[in-house]
Protein chains: 2
Amino acid sequence: MNFQKRKQKILEQLNAHGEVDIKQLAAGLAISEITARRDLNQLASDGLLYRTHGGAMKVNPFEKPHDFINKAAKNPEAKDNICRVAAGQICDGDIIFMDCGSTVFRLCQFIKNKKIKVITNSLPVIYELQNCAVSLNIIGGEFDSERQAVHGSMAGEHISKYRASKAFLGVDGISVNGLFANTENEAAITTTFANNSDYTYLLCDASKIGKESYLRFADLDLIDAIITDADGGKLEGFEDKGMVILNVN
Amino acid sequence: MNFQKRKQKILEQLNAHGEVDIKQLAAGLAISEITARRDLNQLASDGLLYRTHGGAMKVNPFEKPHDFINKAAKNPEAKDNICRVAAGQICDGDIIFMDCGSTVFRLCQFIKNKKIKVITNSLPVIYELQNCAVSLNIIGGEFDSERQAVHGSMAGEHISKYRASKAFLGVDGISVNGLFANTENEAAITTTFANNSDYTYLLCDASKIGKESYLRFADLDLIDAIITDADGGKLEGFEDKGMVILNVN
DNA sequence: TGAAAATGATTGTTTTTGATTGATATTGAC
DNA sequence: GTCAATATCAATCAAAAACAATCATTTTCA
């Protein structure tokens, strides 16, 4: 058991319990207390933990684990069906916007071999597409670690410099009354993407249709088409308003 | 059993268990410990594993799909020493630029708990810092998948909108004649970062000092200080030109 | 066969670890 | 608050393990 391995274990334990104790460490790792102390001191001098009497604590107790790709996707089959249809709308040569919705993210797997340019503010999308045929542009600005995406005024400004042929976006909710978001930042980005593309698709599974969350940020006419797995009943009224509905079933 | 075959086995075992032990390796492959050591050293210098006392570990225990990490693993001790010094130069409240050099990347681990703002064009840096105390800004523009970073004219424009207190940059080579890069894009980004920060540190290990690659893109006075593990001989002439040298040994 | 490369043995050096000792910090009783 | 008891710490030293360097031996390949 060398230092590197111990360092790993100590940081693991620290992450799990928020604190470690020298005696427990020494016992658990089969090392002397003095070595445990040395380890903690070194880690502390690198700023990786906070040394206390008899042990150590996490420096930043609020740090979240590194869950990069959102695997907690709800009903992935429906979303994949939506994305298959969406991918069918994309031609080689297209310049497309993709935002940071969880459904939009699943579109990546279907467009890896297309000769297109993707402009996005979503870190997972960037990661997914970075080594394939598509050419990537990244929206710059403040990074929101909660949503793993870039937002803010600089981002909006940046988006406005581009013009896309198609945009594929998500929302938190949509009803005949308009589009709904959870945060103002999200709303601003969505609006800007839509305003700078020739044709805007909304990707949303059935659970989003009819949902009105706290911020109504745009009229329905911001977007041109909805790609969804929802059926007839839920979609009543949308087509009357000139919306194109692409049903995936 | 030749080296190639052993190399394969070692990497296999490393992948399976995350670490290898010299004694076990020697016994398992029917070679002397000294040969095992030699093998591990060679693999380490190729960046394929991380050498430890008595064995070796996987380069990065967290699965990272891209080989960027590998470059970062070439003589990691020297680079880590450089980064420790660099981290020591950073104060809470600083706004810092970080570019896409492999040494610069290793700085991440030492600044995770600092209360600073990091502005970067490097995807690995973003990935590494996305869930910690630092606040992140991403430079937008064209994405270069080779270097896993953003570059191009839009990126330069974007950088110019920010002003940092300190910049931590890498280069391909540096001599008393100036700074050298491999590509014009890289050179442009480096220059822009340096021009928009109050104080610019160059992080470079000994192999970069004195090296002159094909594109000389700036005079020495673009940067303020060099942090390096190189010793006296190689550094002759730099201090005469007003350069601050922070030696890590 | 002979030169070059790879391997192994030997040597002394460096790194890592643990033990000891005296100093310092923490705790609880007063 | 003071004091003593206890725990933790830093510093120094010694032992063990791992290491690098050198040289001899074996293997490889032309």
Side-chain angles (χ1 to χ4, degrees), chain A residues 1-14 17-59, chain B residues 1-14 17-59 73-85 88 205-207 229-234 247-249:
Chain A
M1 174 84 72
N2 52 27
F3 171 66
Q4 283 83 355
K5 179 99 185 172
R6 291 200 307 270
K7 166 178 170 178
Q8 216 176 336
K9 295 230 175 222
I10 291 173
L11 291 179
E12 254 171 45
Q13 195 170 332
L14 207 58
H17 304 109
E19 58 185 341
V20 293
D21 174 53
I22 291 234
K23 283 187 191 302
Q24 289 175 358
L25 260 186
L29 300 176
I31 53 175
S32 71
E33 293 187 17
I34 205 163
T35 303
R37 234 192 304 279
R38 267 196 277 247
D39 286 357
L40 291 189
N41 285 348
Q42 176 153 0
L43 292 175
S45 86
D46 285 347
L48 268 47
L49 49 77
Y50 188 89
R51 192 76 166 75
T52 64
H53 232 71
M57 296 177 65
K58 265 175 98 163
V59 177
Chain B
M1 175 84 71
N2 54 21
F3 172 66
Q4 280 75 11
K5 182 103 182 166
R6 290 201 307 271
K7 167 177 170 179
Q8 205 177 331
K9 295 234 176 221
I10 292 173
L11 292 179
E12 254 172 45
Q13 195 170 333
L14 207 57
H17 304 108
E19 59 184 334
V20 292
D21 174 53
I22 291 238
K23 284 187 191 302
Q24 289 175 358
L25 215 54
L29 300 176
I31 53 176
S32 70
E33 293 187 17
I34 220 168
T35 303
R37 237 192 301 279
R38 267 196 276 249
D39 285 356
L40 291 188
N41 284 348
Q42 174 151 3
L43 292 174
S45 84
D46 287 345
L48 267 46
L49 49 77
Y50 189 97
R51 192 76 166 76
T52 64
H53 237 71
M57 297 179 68
K58 265 173 98 165
V59 171
K74 282 195 181 179
N75 60 349
E77 311 83 27
K79 288 182 174 177
D80 280 356
N81 287 337
I82 291 171
C83 289
R84 250 182 228 108
V85 173
D205 59 76
S207 69
D229 63 322
D231 42 18
K234 279 191 130 179
N247 198 289
V248 304
N249 298 319

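The sequence lines fix the lettering, A, B, ..., with proteins before strands; numbering per chain opens at 1.
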Near A:Tyr50 OH, under 6.0 Å, is it more than 12 heavy atoms from other residues, nucleotides or ligands?
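No - once you tally the heavy atoms of other residues, nucleotides and ligands closer than 6.0 Å, there are 12 at most.
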[X] has an atom [atom1]; how far is it from atom [atom2] of [N], in whole Å?
{"X": "A:Glu33", "N": "D:dT8", "atom1": "CD", "atom2": "C1'", "answer": "9 Å"}
{"X": "A:Gln4", "N": "D:dA18", "atom1": "CD", "atom2": "P", "answer": "14 Å"}
{"X": "A:Phe3", "N": "C:dG18", "atom1": "CZ", "atom2": "C1'", "answer": "17 Å"}
{"X": "B:Ile31", "N": "C:dA6", "atom1": "CD1", "atom2": "P", "answer": "14 Å"}
{"X": "A:His53", "N": "C:dA25", "atom1": "NE2", "atom2": "C1'", "answer": "4 Å"}
{"X": "A:Arg51", "N": "D:dT8", "atom1": "CZ", "atom2": "P", "answer": "10 Å"}

Comparing B:Thr52 and A:Thr52 on DNA chain D - which has the more 5′ nearest nucleotide
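Result: A:Thr52.
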Nearest 0.5 angstrom please: B:Leu11 CG to B:Leu49 CG, how far?
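So the CG of B:Leu11 and the CG of B:Leu49 are separated by 6.5 Å.
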Give, for atom CE of A:Met1 and atom OG1 of A:Thr35, the distance between the pair rounded to the nearest 0.5 Å.
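Between A:Met1 CE and A:Thr35 OG1, I get 12.0 Å after rounding to 0.5 Å.
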Selection residues 17-27 of chain A - residue pairs positive for salt bridge (Lys or Arg N to Asp or Glu O under 4.0 Å), sequence neighbours left out
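Passing the test, one end in residues 17-27 of chain A: A:Lys23-A:Glu33.
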Output every pair passing salt bridge (Lys or Arg N to Asp or Glu O under 4.0 Å) with a member in residues 5-14 of chain B, not counting sequence neighbours, ordered by first then second residue.
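Qualifying pairs, neighbours excluded: B:Arg6-B:Asp39.
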Taking the axis from the first five pairs and the axis from the last five, what angle separates them in the helix from C:dT1-D:dA30 to C:dC30-D:dG1, rounded to 10 degrees?
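Comparing the axis at each end, I get an angle of 40°.
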Does anything in residues 34-47 of chain A come within less than 4.0 Å of DNA chain C? Heavy atoms only, and list the residues if so.
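Those residues whose heavy atoms fall under 4.0 Å from DNA chain C, taken from residues 34-47 of chain A in numerical order, are A:Ile34, A:Thr35, A:Arg38.
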Looking at DNA chain D, which of residues 18-25 of chain B put a heavy atom within less than 4.0 Å of it?
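Contacts with DNA chain D under 4.0 Å: B:Ile22, B:Lys23.
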Under-3.5 Å N/O pairs linking protein and nucleotides 28-30 of chain D:
none

